Amino acid sequence: MSQRKPVMAGNWKMHKTQIEAQAFVEALPKAALNEDAVEAVICAPFTSLSTLQNLLKDSQVSLGAQNVYHEPQGAYTGEISAGMLTALGVSYVLIGHSERREYFQENDVLLNLKLKAALEAGLNPILCCGESLAEREAGGFEAKILRQIELGLSGVQMSPSYQQRILIAYEPIWAIGTGKTCDDTEANRILGLIRQQIARMYGEDTAKAMRLLYGGSVKPSTVASQMAQPHIDGGLVGGASLEPASFAELIRLCAEHGR
Ligand code: PGA
């Protein structure tokens, strides 16, 4: 139905040393490394990026970071700029993962600066959004999610290239790391609302072109039915991306959908 190329992005969070990252890639089956029917991404800790750049350079798997600072350089102790990431061969970056929002107080205004800095430097941002359990139970949480998208993309002049490069991941916080996936049709409903929001901001063509991901306890056993939903174009996966066999299976199942 759509021409949108599926995306399978692993989010390693604060897992794996350089040695462990190397062991992971060495154990990844060739088919996963060479699969070109899906955009496969590993969002690794900063400390493993250089190792992964070397190990993945002849593969189809792209490198992602989990955070970025919006200033290009300067007295910002502990931060990493978008240019530093592209210099390492990084092509994707997570923006506003719920753990960044919750534990590091990253707000929509800051995340908008980060997203724009990422785009300008040539990185593909993965803008994350989603509600907590309390917000879901209180009702009206959809408005919060749409506001995260509106503020996250504020001031972004959309272009055919940006339509391809900007990814949005809906990750209900209550489904992250809990083993409780969001019901497929419900995840599809929320992503449909996000697509409508994009259409309001940038028009129908952009809304049809952009890739929207679901995240929250995605596993090889859940991904096929998730990918079968019309608005789900890929996954953002934490726990199940940490094992080579499981990540390879996620890539394979996602690619099947892309053929
Ligand atoms: P999970 O994490 O797959 O372990 O639920 C998803 C995420 O936080 O991106």
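Small disclaimer: the values here were computed from a predicted structure and weren't measured. Just follow the structure's listing: the first ligand is 1, and inside any ligand the first atom is 1.
The stretch residues 148-158 participates, sequence neighbours left out, in these salt bridge (charged side-chain N to carboxylate O under 4.0 Å, His left out) pairs: R147-E150.
Chaining together hydrophobic side chains whose heavy atoms lie under 4.5 Å apart places F104 alongside Y103.
Taking the six-membered ring where the residue is Trp, Y76 and Y69 present tilted rings, their angle falling between 30° and 60°.
Residues satisfying the side chain to side chain contact (heavy atoms under 4.5 Å, CB included) test with E249, not counting sequence neighbours, are P220, R252, L253.
More than 12 non-hydrogen atoms from other residues, nucleotides or ligands lie less than 6.0 angstrom from CG of N34.
Within 4.0 Å of ligand 1, protein heavy atoms come from N11, K13, H97, E171, A175, I176, G177, G216, S217, L236, V237, G238, G239.
Between R100 and the options E106, Q66, Q105, a side chain to side chain donor-acceptor pair (under 3.5 Å) holds for only E106.
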